[in-house]
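Report on the following structure.
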Amino acid sequence: MNTSLISSLTQIGLINNAITEELSALEEVTNDLSFIKALCNKTDNLNAFSIAEQLSRFHHIPFVDIESIDFSNFDREKVNEKLILKHQCLPIHQKGRVLYLATANPQNYAALEDFQFSTGLAAEFICVSADLLQQTIDKLLEEEELGLDDFNEEELTGIEVAEDKTQDDDDAPDKDDAPIVVYINKILLDAIKKGASDLHFEPYENSYRVRFRIDGVLHEVASPPVNLSTRLAARLKVMSRLDIAEKRKPQDGRIKLKISKKKSIDFRVSTLPTMWGEKVVMRILDSSSAMLGIDVLGYEAEQKEKYLNALNQPQGMILVTGPTGSGKTVSLYTGLNILNTAERNISTAEDPVEINLEGINQVQINPKADLTFAAALRSFLRQDPDIVMVGEIRDLETAEIAVKAAQTGHLVLSTLHTNSAPETLTRLLNMGVPSFNIASSVSLIIAQRLARRLCKHCKEPETELPTENELLKFGFTQEQISNMTLYKPVGCELCSGGYKGRVGIYEVVPITSEIAHLIMQEGNSLQIAEQAQKEGFNNLRQSGIKKVLDGVTSLEEVSRVTNY
């Protein structure tokens with residue numbers, strides 16, 4: 001959100017610091033228009049129309065009722081939709097060499113500069129009502145998106161596989177027979193519709209099955225004839241631009257599936273030769289997950305504050321740890337998205353690059369070309385970086401370069417595969433990183449898991465509770481047991497087995513002076529965990545219990561994901 005709007009509203013006297021902090025904390029407040037909407041909802045005697053009138057008088061610019069403007073000749077092809085959505089400004093009239101922009105924030109000078117640069121015209125503001133501006137933008141730029149149920153067989157055949165710009169092979173993919181094309185496209189669209197994260201195509205001696213991983217659990221969704229296994233694998237390899245003649249070695253590829261003019265989905269593809277044919281696993285890469293914002297990931301208030309404090313430091317190392325599929329990438333990219341401003345130089349080394357973010361320099365690791373994590377890190381440090389993200393610290397060489405970067409004025413973000421935050425520190429020690437380097441470079445460690453959310457439509461209170469001793473052994477306190485309601489999954493047509501979606505469970509441990517002292521003494525993970533508990537940092541089990549008490553997930557689910 002542009003702070004200049006807050007400045008204008010404060011000078012006019014419509015808001016004060018208390019109202020600003022309260023409104024800015026709301027999840028739905030993401031831009032100027034949503035801020036004005038929230039302000040109107042909070043204040044009975046204010047509406048968007050009157051705010052626009054007062055802003056126009058204050059800034060001495062014209063005020064126009066946007067509903068009186070005729071947009072019948074509005075040509076979408078001639079406007080920069082990206083700039084309109086970025087600045088919530090709409091070109092409404094051109095007079096000579098002057099372009100007039102409708103805005104709800106007359107101090108958004110960055111919008112004037114961007115439109116002037118894009119069009120080559122001088123740009124001036126006209127003030128309009130925020131709610132009507134939002135409605136007009138939505139109406140003019142909306143594109144009818146087909147629901148996944150709306151595709152017929154002919155349309156399924158015509159869905160395009162977009163050209164992969166990262167591929168060196170420019171050859172057009174071979175055409176397969178229509179039934180296989182339709183079947184594969186239908187499977188991929190069903191996976192997107194059901195919110196799957198991974199798809200498994202698995203051949204066996206006498207059968208073939210297709211499974212989706214939904215909310216972390218695999219479900220069988222189809223069983224095509226086994227004699228189609230070769231043709232299914234070939235079609236997927238053609239879409240991924242892999243070598244269809246090579247069936248003896250694993251291969252990795254990528255698919256960009258264009259569902260409509262403006263919507264596309266990325267898949268990461270991996271093939272593996274098995275006894276009965278090639279198994280193909282596809283991961284759906286959702287760039288929008290990095291744009292959700294930190295508030296929806298499941299951090300507790302104090303955990304969120306510690307993460308944001310670490311991100312705001314000019315140097316240091318933030319480590320995110322957990323098993324494969326625990327949401328580490330989304331946590332890191334959410335942090336990078338917060339840091340992604342024009343003032344910062346951000347570079348990442350990943351294997352593979354899963355989420356594409358504009359404004360961040362992303363490097364795909366390629367060991368065959370000697371482009372390793374360590375080599376990429378060395379190159380980053382010669383390119384004046386502010387923030388560096390390393391996909392994973394796998395060896396001592398990478399760890400040492402990352403530590404030195406964190407000690408010399410850079411903010412470093414990375415991941416490790418360990419079970420808890422304290423074990424991360426001992427893992428670095430076991431790699432060979434000196435204890436004094438760890439203590440002086442690491443600023444925050446986040447261990448995390450993803451637990452399935454209980455479906456809010458069908459969850460029910462648990463009637464058969466575990467005994468008090470069992471609850472105490474699990475990690476509940478006596479105070480929590482005395483007054484609590486646990487919920488269980490039931491299952492309905494809107495969910496999968498009583499669960500819908502997932503929520504993060506986190507252990508967030510900043511490196512305090514006491515913990516740093518333990519590291520210097522090369523204390524083990526149990527000692528570090530004990531100190532973290534003394535300082536009030538919840539471990540994964542305790543954070544999971546809080547989600548159970550809040551009715552977000554079930555006791556069984558927390559037991560499943562925190563059983564380490």
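Computation of the quantities below employed the complete heavy-atom set of this structure, encompassing side-chain atoms and omitting hydrogens, waters and symmetry-equivalent molecules. Everything quoted here is computed from the prediction, not taken from an experiment.
- At distances below 3.5 Å, not a single donor-acceptor pair connects side-chain atoms of Gln531 with backbone N or O atoms of Leu518.
- Looking at residues two or more places apart in sequence or on another chain, you find a side-chain hydrogen bond (donor to acceptor under 3.5 Å, both in side chains) between Arg452 and Glu557.
- Atoms CG and OG, from Leu425 and Ser525 in turn, are 9.5 Å apart once rounded to the nearest 0.5 Å.
- Atom CG of Asn430 has more than 12 neighbouring heavy atoms from other residues, nucleotides or ligands inside a 6.0 Å radius.
- The CG atom of Leu471 lies 7.0 Å from the CG atom of Leu465; values are rounded to the nearest 0.5 Å.
- At least one side-chain heavy atom of Leu9 sits under 4.5 Å from a side-chain heavy atom of Ile51.
- For Asp131 (side chain) and Ile36 (main-chain N/O), no donor-acceptor pair under 3.5 Å exists by modelled atom type.
- Within the structure, the side chain to side chain donor-acceptor pair (under 3.5 Å) test picks out the following pairs touching residues 312-331 (sequence neighbours left out): Tyr299-Ser331, Thr321-Thr418, Ser331-Gln448.
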### Task
Take Tyr506 and Leu297 through the side chain to side chain contact (heavy atoms under 4.5 Å, CB included) test and state the conclusion after the steps.
CA-CA 10 Å; Tyr506 303 92; Leu297 296 185; 3.5 Å; yes

### Message
Would Ile284 and Leu199 count as a side chain to side chain contact (heavy atoms under 4.5 Å, CB included) here? Give the steps.
### Response
CA-CA 8 Å; Ile284 299 177; Leu199 298 79; 3.9 Å; yes

### Query
Going through the checks in order, is the side chain to side chain contact (heavy atoms under 4.5 Å, CB included) test met by Ile519 and Val442?
CA-CA 11 Å; Ile519 296 171; Val442 179; over 6 Å; no

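- Interatomic distance, CE of Met520 versus CD1 of Ile515, reported as 15.0 Å (0.5 Å rounding).
- No more than 12 heavy atoms of other residues, nucleotides or ligands shown are found within 6.0 angstrom of NE2 on His517.
- Counting heavy atoms from C-beta outward, Val548 and Leu486 have side chains that approach closer than 4.5 Å.
- The line from CG of Leu336 to CD1 of Ile387 is 7.0 Å long, rounded to the nearest 0.5 Å.
- Listed here is the closest heavy atom pair of Pro385 and Val388: CB-CG2, 3.9 Å.
- Scored by the side-chain hydrogen bond (donor to acceptor under 3.5 Å, both in side chains) test, Asn345 finds Asn361 as partners (sequence neighbours excluded).
- Looking at every heavy atom in both residues, Tyr499 comes nearest to Leu454 through CE2-CD2, 3.8 Å.
- In this structure a side-chain-to-backbone donor-acceptor pair under 3.5 Å is missing from Gln383 to Phe380.
- Using a 4.5 Å heavy-atom threshold, the side chains of Asp395 and Met431 count as separate.
- Between the side chain of Lys547 and the backbone N or O of Ile505 there is no donor-acceptor pair closer than 3.5 Å.
- Within a 6.0 Å sphere centred on NZ of Lys500, other residues, nucleotides and ligands contribute 12 heavy atoms or fewer.
- Among residues at least two apart or in separate chains, salt bridge (charged side-chain N to carboxylate O under 4.0 Å, His left out) pairs with a member in residues 303-324 are Asp295-Lys304.
- Sorted by first and then second residue, the salt bridge (charged side-chain N to carboxylate O under 4.0 Å, His left out) pairs with a member in residues 366-378 read Arg378-Glu397; sequence neighbours excluded.
- Between the CG atom in Asn483 and the CD1 atom in Ile481 there is a gap of 12.0 Å [rounded to 0.5 Å].
- The shortest non-hydrogen separation linking Cys492 to Cys455 is SG-SG, 3.8 Å.
- Looking at Leu429 and Ser435, their side chains come closer than 4.5 Å, going by heavy atoms from C-beta outward.
- A donor-acceptor pair under 3.5 Å is absent between the side-chain atoms of Ser559 and the main chain of Leu555, judged by distance alone.
- Residues forming a side-chain hydrogen bond (donor to acceptor under 3.5 Å, both in side chains) with Arg211 (at least two apart in sequence, or on another chain): Glu202.
- For the residue pair Gly327 and Leu450, the shortest heavy atom distance occurs at N-CD1, 3.9 Å.
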#### Entry: From CA spacing to verdict: side-chain hydrogen bond (donor to acceptor under 3.5 Å, both in side chains), Gln521, Gln527
CA-CA 11 Å; Gln521 295 178 328; Gln527 294 171 310; over 6 Å; no

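- Legend: residues meeting side-chain contact (heavy atoms from CB on, under 4.5 Å) with Asp351, ordered by chain and number and at least two apart, are Gln364, Ile365, Phe373, Arg394.
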### Query
Where do Leu526 and Glu530 land on the side chain to side chain contact (heavy atoms under 4.5 Å, CB included) test, with the steps shown first?
CA-CA 6 Å; Leu526 293 176; Glu530 184 180 346; over 6 Å; no

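- The heavy-atom pair separating Cys458 from Val490 by the smallest distance is O-CG2, 3.0 Å.
- Applying the salt bridge (Lys or Arg N to Asp or Glu O under 4.0 Å) criterion to Lys86, with sequence neighbours excluded, gives Asp114.
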For residues 408-417, run the donor-acceptor check on the side chains, cut-off 3.5 Å, and write out each pair with its distance to 0.1 Å, sequence neighbours left out.
residue: Thr408; atom: OG1; partner: Lys404; partner atom: O; Å: 2.8
residue: Thr408; atom: OG1; partner: Ala405; partner atom: O; Å: 3.3
residue: Thr408; atom: OG1; partner: His410; partner atom: ND1; Å: 3.4
residue: His410; atom: ND1; partner: Ala405; partner atom: O; Å: 3.0
residue: His410; atom: ND1; partner: Thr408; partner atom: O; Å: 3.4
residue: Ser414; atom: OG; partner: Val390; partner atom: O; Å: 2.8
residue: Thr415; atom: OG1; partner: Gly391; partner atom: O; Å: 2.5
residue: His417; atom: ND1; partner: Glu392; partner atom: OE2; Å: 3.0

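- Here the CZ-OG1 distance, from Phe474 to Thr467, works out to 13.0 Å after rounding to the nearest 0.5 Å.
- Checked against salt bridge (Lys or Arg N to Asp or Glu O under 4.0 Å), Asp550 has the following partners two or more places apart in sequence or in another chain: Lys546.
- Side-chain atoms of Ile255 and Ile265, non-hydrogen and from C-beta on, never get closer than 4.5 Å to each other.
- Residues that satisfy the side-chain hydrogen bond (donor to acceptor under 3.5 Å, both in side chains) test with Gln478, not counting sequence neighbours, are Glu468.
- Thr463 pairs by the side-chain contact (heavy atoms from CB on, under 4.5 Å) definition with Lys488, not counting sequence neighbours.
- Considering only heavy atoms from C-beta on, Leu428 comes within 4.5 Å of Leu319 through its side chain.
- Look at Arg449 and Glu507 and you find no salt bridge, because none of the NZ, NE, NH1 or NH2 atoms lies under 4.0 Å from a carboxylate O.
- Counting heavy atoms from C-beta on, the side chains of Gln303 and Ser543 come closer than 4.5 Å.
- By the 4.5 Å heavy-atom criterion applied to side chains, Ser440 and Gln407 are counted as neighbours.
- Among the candidates Ile511, Val403, Ile445, the single residue satisfying the side chain to side chain contact (heavy atoms under 4.5 Å, CB included) test with Met317 is Val403.
- Of all the heavy atoms in Cys89 and Thr103, the pair that sits closest is SG-OG1, 3.7 Å.
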